[in-house]
There are 2 protein chains.
Amino acid sequence: MFEFDADTALTEDGDGRQGTITDRWNVGPIPNGGYIAAIGATAMAAVATHPDPMSVTTHFLRPAVPGPVRVVASSVRTGRTHTWLQASLTQESGDIARMMAIFGDLDGSGPTSITGVVPELPDPALLVSSQSLPKVFSLARRFDMRLDPATAGGAMGSPTGTPEMAGWMRFADGREPDTRALVLCADAMPPPVLNLIPAAWVPTLEYTVHVRARPAPGWLRGRFRTRFLMEGLLEEDGELWDSEDRLVALSRQFARVRAG
Amino acid sequence: MFEFDADTALTEDGDGRQGTITDRWNVGPIPNGGYIAAIGATAMAAVATHPDPMSVTTHFLRPAVPGPVRVVASSVRTGRTHTWLQASLTQESGDIARMMAIFGDLDGSGPTSITGVVPELPDPALLVSSQSLPKVFSLARRFDMRLDPATAGGAMGSPTGTPEMAGWMRFADGREPDTRALVLCADAMPPPVLNLIPAAWVPTLEYTVHVRARPAPGWLRGRFRTRFLMEGLLEEDGELWDSEDRLVALSRQFARVRAG
């Protein structure tokens with residue numbers, strides 16, 4: 001079993017589901033927000049009539065801690081083309097997250113017009129793998145990331161001054177991406193604000209990811225930007241593209257920044 | 001009393017609040033989604049400990065209709081710096097919207113770094129007011145909008161081919177903008193996808209607005225883009241700037257497009 005599937009597995013427990021938040025997806029001592037959202041999306045997928053998480057919003061109420069988590073997910077409405085869902089995630093400390101999601105079927109058809117462009121990145125074979133760097137965060141051990149040298153400074157304590165982060169990513173254990181994994185992947189790269197403020201801690205308040213296509217196997221490419229850091233609050237906008245040059249996820253989060 | 005305040009007013013009713021969705025903010029026969037979200041935000045503001053809606057997410061479950069609406073809003077958690085809230089809006093047809101919001105205080109201070117740029121627009125005095133055009137939608141009568149001629153074609157049945165919409169806006173009755181009104185304003189301009197597909201109907205599935213600053217009195221400037229129309233699904237990203245060149249709201253919505 002792959003790490004992501006093992007660490008998001010849930011078992012039925014009365015009107016909810018029980019799981020374990022492991023310490024394998026941490027940033028510092030705190031489990032990554034995308035990982036928490038993926039656990040909630042897993043519970044919602046189990047009750048959704050439609051297969052794909054299309055829009056997933058998570059509010060983070062308290063820092064999660066490694067340990068047991070209870071997830072209660074329910075359908076709010078099931079229509080012909082979409083299921084609307086809600087979920088709450090609770091640990092011993094109280095509610096850690098509330099979520100709303102819309103599931104649908106990404107096999108649909110309709111008008112298509114794309115003006116966004118795939119990130120231009122050096123070939124991943126030419127870049128240093130995150131697997132060869134000192135592993136300060138357990139999250140970094142779960143992925144093989146190849147950050148664009150033009151943006152990687154912030155992740156290594158040398159801010160570039162430009163709040164962008166881009167690179168290739170895949171699970172280190174060979175698991176291929178799917179729509180559920182994108183909920184994690186769109187929050188897994190180092191925050192671009194690290195290129196402005198070194199060693200900052202960036203707790204997310206709200207995180208919304210739109211899954212736009214089922215990813216092809218292979219590398220994902222990500223590009224993340226923060227255009228408006230205002231009075232310690234920021235948005236982080238992300239795109240994930242698959243190995244066939246297709247946009248597969250758009251993400252935005254609203255976060256605070258605290259000096260490290 | 002200004003139109004926006006009259007049409008979002010709520011009265012207490014047991015564990016919820018009662019109001020009226022008027023037909024004054026319609027697009028076609030359907031009340032605008034931003035207007036529905038503003039009604040929900042009004043109910044949440046009444047129970048929030050903190051003054052400003054910072055992140056507001058709305059899921060649209062069914063089309064709203066002009067008529068009575070019941071809103072149940074509650075605090076999920078109140079912390080030192082933020083209140084997390086949820087709300088449901090119900091009409092005779094059933095639940096029309098579910099919402100989650102984070103309120104806070106935009107008077108805070110902290111690091112600031114901005115790379116986004118204010119939209120460049122012709123002077124509003126040089127542009128045609130929406131007030132002088134035939135009023136097919138009641139929403140258009142509530143605002144004085146001055147659309148950038150480079151993007152306005154889609155709103156008049158002549159798509160430009162570029163999915164952007166930009167312009168000046170203010171309430172037609174002179175009401176000044178505030179953080180609550182921004183929840184409406186960030187969804188009030190014609191959708192940029194009209195510059196690709198004329199006369200499309202664009203029902204919103206999910207709408208998230210980040211309110212980033214309290215707006216100064218006067219004109220708002222908006223710029224909205226759709227970069228990824230894929231199989232009939234699209235995102236719409238927006239920015240609202242105030243008369244002092246400050247970004248006051250970032251918005252993103254996830255919507256379907258249907259040929260008109």
Side-chain angles (χ1 to χ4, degrees), chain A residues 54-55 57 59-62 76-77 79 81-82 84 86 88 94-95 98-102 104 106-117 162-164 193 196-197 200 205-206 208 210 212-213 225-235 237 239 246-247 250 252 254 256-259, chain B residues 54-55 57 59-62 76-77 79 81-82 84 86 88 94-95 98-102 104 106-117 162-164 193 196-197 200 205-206 208 210 212-213 225-235 237 239 246-247 250 252 254 256-259:
Chain A
M54 284 186 160
S55 171
T57 294
H59 280 195
F60 298 97
L61 305 172
R62 287 181 179 82
V76 172
R77 178 168 187 241
T81 52
H82 297 94
W84 289 261
Q86 60 187 9
S88 66
D95 283 353
R98 290 286 181 113
M99 299 179 66
M100 295 201 301
I102 302 172
L106 287 167
D107 257 347
S109 63
T112 296
S113 171
I114 294 170
T115 53
V117 292
T162 302
E164 297 188 13
V193 72
L196 295 175
I197 303 174
L205 290 160
E206 176 254 309
T208 296
H210 296 174
R212 303 295 300 269
R225 289 190 179 131
T226 290
R227 293 182 303 142
F228 300 99
L229 168 61
M230 294 168 63
E231 311 298 353
L233 294 163
L234 59 91
E235 92 293 351
D237 283 351
E239 301 171 6
R246 187 168 38 195
L247 179 90
L250 279 183
R252 174 173 283 171
F254 181 58
R256 283 179 294 169
V257 65
R258 294 176 168 188
Chain B
M54 284 185 161
S55 171
T57 294
H59 279 195
F60 298 96
L61 306 172
R62 287 181 180 81
V76 172
R77 178 168 185 242
T81 52
H82 297 94
W84 289 261
Q86 61 188 8
S88 66
D95 283 353
R98 291 286 181 112
M99 300 178 66
M100 295 201 302
I102 302 173
L106 287 167
D107 257 347
S109 64
T112 296
S113 171
I114 294 170
T115 53
V117 293
T162 302
E164 296 189 14
V193 73
L196 295 175
I197 302 175
L205 290 159
E206 176 253 310
T208 296
H210 296 176
R212 302 295 299 271
R225 290 190 178 129
T226 291
R227 293 182 303 142
F228 301 99
L229 168 61
M230 294 167 64
E231 311 298 353
L233 294 163
L234 60 92
E235 92 292 353
D237 284 350
E239 301 171 5
R246 186 168 39 195
L247 179 90
L250 279 183
R252 173 173 284 172
F254 182 58
R256 282 179 292 169
V257 64
R258 295 176 168 186

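The basis for the numbers below is simple: all heavy atoms, side chains too, and nothing from hydrogens, waters or symmetry mates.
The choice from B:L229, B:L205, B:T112 that makes the most heavy-atom pairs within less than 4.5 Å of chain A is B:L229. Options A:T162, A:V76, A:L61, A:T57 differ in how many heavy-atom pairs under 4.5 Å they form with chain B, and the most are formed by A:L61. The greatest number of non-hydrogen atom pairs below 4.5 Å with chain B, out of A:A101, A:G79, A:G94, is found for A:A101. When each of A:S113, A:G116, A:G232 is checked for heavy-atom pairs under 4.5 Å with chain B, A:S113 comes out on top. Note on B:E235, B:H82, B:E231: by heavy-atom pairs under 4.5 Å with chain A, the leading option is B:E231. Looking only at heavy-atom pairs under 4.5 Å with chain B, the residue among A:G110, A:G108, A:G104 that has the most is A:G110. Heavy-atom pairs under 4.5 Å with chain B peak, among A:M100, A:E206, A:R98, at A:M100. The residue among A:L234, A:D95, A:V257, A:L106 with the most heavy atom pairs within less than 4.5 Å of chain B is A:L234. In terms of non-hydrogen atom pairs under 4.5 Å with chain A, the most contact-rich of B:R212, B:R252, B:M230 is B:R212.
The contact between A:R246 and chain B is made entirely by side chain atoms (from C-beta outward), counting heavy-atom distances below 4.5 Å. Only the side chain of A:T81 comes within less than 4.5 Å of a heavy atom of chain B; its backbone N, CA, C and O stay farther away. In this structure, chain B has no heavy atom under 4.5 Å from any part of A:E164. In this structure, chain B has heavy atoms under 4.5 Å from both the backbone and the side chain of A:M54. When heavy atoms are compared at a cutoff of 4.5 Å, A:L196 approaches chain B solely by way of its side chain, counted from C-beta outward. Contacts of A:S109 with chain B are made by both backbone and side-chain atoms, with heavy-atom separations under 4.5 Å. Heavy atoms of A:H210 lying under 4.5 Å from chain B belong exclusively to its side chain. Contact annotation for A:R77: only side-chain heavy atoms (C-beta onward) come within less than 4.5 Å of a heavy atom of chain B.
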Task: Derivation of the side-chain contact (heavy atoms from CB on, under 4.5 Å) call for A:R258 and A:I197 - done: CA-CA 9 Å; A:R258 294 176 168 188; A:I197 303 174; over 6 Å; no
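For the pair A:R227/B:L247, no side-chain contact is recorded, criterion being any heavy-atom separation below 4.5 Å from C-beta on.
Residue A:F254 holds its CZ atom at 12.0 Å from OG1 of A:T208, rounded to the nearest 0.5 Å.
Panel note: side chain A:W84, backbone B:F60; a donor-acceptor pair is recorded below 3.5 Å.
Judged by distance alone, the side chains of A:Q86 and A:S88 never bring a donor and an acceptor atom under 3.5 Å apart.
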